[in-house]
Amino acid sequence: MLAGFDLSLTIFAAARLYDMVPLAAAFAALVVLVAASSVLAVVQRSQALALFATSGGFLAPVLTATGEGSHVALFSYYALLNAGILAMAWFRSWRWLNWAGFVFTFVIGAAWGREYYRPELFASTEPFLILFFAFYLGVSLLFARRQAPALAGLVDGTLVFGTPAAAMGLQWALVRDMPFAMAYSALAAALVYAALAWWLRRRGAFGHLLGQSFAALALVFATLAIPFAVDDQRLTGAAWALEGAGVLWVGLRQRQVLARAAGLALQLVAAGAYVVDWQGGSSGLPFANGDFLGAALIAIAAGITGWLLFRHRPALSRFERPQQLAWVWWGAAWWTAAGLQDVARLTFPGESWNGNHHEHA
């Protein structure tokens, strides 16, 4: 296993640090290495070998980065690694390999975007985001193809709901200055998930949790399309609350404590992100602006959470049962705050509220 990591690191260093190997030749060698490692892992039925070799492949450009390389070459290389993961998913149901590829891809992509992305790079970056989203959507389908799509555990449920959440978060970073771009993106995602849910239903698999999850995601994104058209900045983070409710639902259905904890934590993160982004003084129609709709989404997710916890109360641990009422009150508090801030905005139209002080416009 160490040989795969060492060889990939050596090839990348020879090309990027010492100019001993042309970049095209190094890329071709890495193609061969990833393909060989994938085949060997499948033949030997070794998830550990696949996981170690793939992790080394993802880390090689990070450890040897100079900050001067082409992002197209970097993302093309990661597309190759993800193609290997997708190919292995055709033959093996390896949860942790899928999870590792997902984390490496989106975390490294987000780190690159924060450091280097500029609006003029949109045309050469957006296709890769769509491709990575398609890869892990395909991995979810292939995983279900090889076994009953029960989404057993934190890994599978988080992958199904985490892929659209991560992709939409990165999409917002790319298109935040483009009018209505997030609304069109949400509508496109809704159509994709609706088509997949319909396809699974046609195959007689709609009763499985994967088909139900896709239908739920289609409904979520279709619902978000209109609010995103109004004001998308505060809604992207708030949308994570709905994703968290989805992860909680999977955890309750499969009696997985970690998945339930992840779903609840994601809602708290969404609330924190909303508070950080909120500056008050949102423009727009009454109850049709980013401030109100963002808080309303968090409130709705909390209400769904309270209802799910109540409905599945027998499956909860003794530490979880008291939370059902707490989430109902949490949702009610957010709903009340959403209404009050809009009333205050309409009552004092000449003032800008930021939670600590106000200034006359």
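Note that the numbering runs from 1 along the sequence shown for the chain.
- Between Glu126 and Gln171, the closest side-chain pair of non-hydrogen atoms falls below 4.5 Å.
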Checking side-chain contact (heavy atoms from CB on, under 4.5 Å) for the pair Leu196/Leu217: CA distance, chi angles, key distance, verdict? CA-CA 10 Å; Leu196 288 173; Leu217 285 168; over 6 Å; no
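- Met168 and Leu187 fall into different hydrophobic clusters, defined by Ile, Leu, Val, Met, Phe, Trp and Tyr side-chain heavy atoms under 4.5 Å apart, directly or through other members.
- For residues 256-275, every residue pair satisfying the salt bridge (Lys or Arg N to Asp or Glu O under 4.0 Å) rule, not counting sequence neighbours, is listed here: Arg260-Glu320.
- We find the CG-CG distance between Leu248 and Leu266 to be 10.5 Å, quoted to the nearest 0.5 Å.
- If you chain together hydrophobic residues whose side chains sit under 4.5 Å apart, Leu325 and Leu264 never meet in one group.
- Residues Leu242 and Leu297 come closest through the heavy atom pair CD1-CD2, 3.8 Å.
- Relative ring orientation between Phe102 and Phe106 is described as tilted, the plane-to-plane angle lying within the 30° to 60° band.
- Phe214 pairs by the ring pair (Phe, Tyr, Trp, His ring centres under 6.0 Å) definition with Tyr193, not counting sequence neighbours.
- For Arg321, the CZ atom sits in a packed shell: over 12 heavy atoms of surrounding residues, nucleotides or ligands are nearer than 6.0 Å.
- You'll find the side chain of Ser185 stays beyond 4.5 Å of the side chain of Trp172, heavy atoms only.
- Residues Ala270 and Ile298 approach most closely at O-CD1, 4.0 Å, considering heavy atoms.
- The shortest side-chain heavy-atom distance between Ile300 and Trp335 falls under the 4.5 Å cut-off.
- A tilted orientation is assigned to the rings of Phe75 and Tyr78, their planes being inclined by 30° to 60°.
- Residues passing the salt bridge (Lys or Arg N to Asp or Glu O under 4.0 Å) test with Arg118 are Glu120, sequence neighbours excluded.
- Note on Tyr117 and Val107: same hydrophobic cluster, where clusters join Ile, Leu, Val, Met, Phe, Trp and Tyr whose side-chain heavy atoms are under 4.5 Å apart, directly or indirectly.
- Under the 4.5 Å side-chain heavy-atom criterion for grouping Ile, Leu, Val, Met, Phe, Trp and Tyr, Leu74 is connected to Tyr116 within one hydrophobic cluster.
- Linking ILVMFWY residues whenever their side-chain heavy atoms come closer than 4.5 Å, directly or via other members, places Phe132 and Leu121 in the same cluster.
- Across Ser124 and Pro127, no two heavy atoms sit closer than the pair C-CD, 4.1 Å.
- When the ring pair (Phe, Tyr, Trp, His ring centres under 6.0 Å) test is applied to Trp334, the partners found at least two apart in sequence or on another chain are Tyr274, Trp330.
- Of all heavy-atom pairs spanning Trp94 and Arg45, the tightest one is CZ2-C, 3.8 Å.
- Counting non-hydrogen atoms of neighbouring residues, nucleotides and ligands closer than 6.0 angstrom, the CZ atom of Phe122 exceeds 12 such neighbours.
- Residue Ile130 shares its hydrophobic cluster (ILVMFWY side chains chained together at separations under 4.5 Å) with no other residue.
- Side chains of Phe161 and Val220 form no contact here, defined as non-hydrogen atoms less than 4.5 Å apart.
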Walk me through it: do Phe221 and Leu191 pass the test side-chain contact (heavy atoms from CB on, under 4.5 Å)? CA-CA 9 Å; Phe221 284 115; Leu191 292 174; over 6 Å; no
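- Taking 4.5 Å as the limit, some side-chain heavy atom of Trp99 sits within range of a side-chain heavy atom of Val103.
- Remark: the Tyr136 side chain and the Asn98 side chain contain no N/O donor-acceptor pair separated by less than 3.5 Å.
- What you find for Asn82 and Gly101 is that their closest heavy atoms are OD1-O, 4.2 Å.
- Under the rule for a ring pair (Phe, Tyr, Trp, His ring centres under 6.0 Å), the partners of Phe104 that lie at least two apart in sequence or sit in another chain are Phe58.
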Apply the test side-chain contact (heavy atoms from CB on, under 4.5 Å) to residues Leu141 and Trp199: give CA-CA distance (whole Å), side-chain angles for both, the deciding distance (0.1 Å), then the verdict. CA-CA 11 Å; Leu141 289 168; Trp199 177 68; 4.2 Å; yes
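- The CD1 atom of Ile304 sits 12.5 Å away from the CZ atom of Arg311 when rounded to the nearest 0.5 Å.
- The line from NE2 of His312 to CH2 of Trp307 is 6.5 Å long, rounded to the nearest 0.5 Å.
- Applying ring pair (Phe, Tyr, Trp, His ring centres under 6.0 Å) to His71 and the options Trp112, Tyr77, Phe128 leaves one that passes, Trp112.
- Closest heavy-atom contact between Leu86 and Gly138: CD1-C, 3.8 Å.
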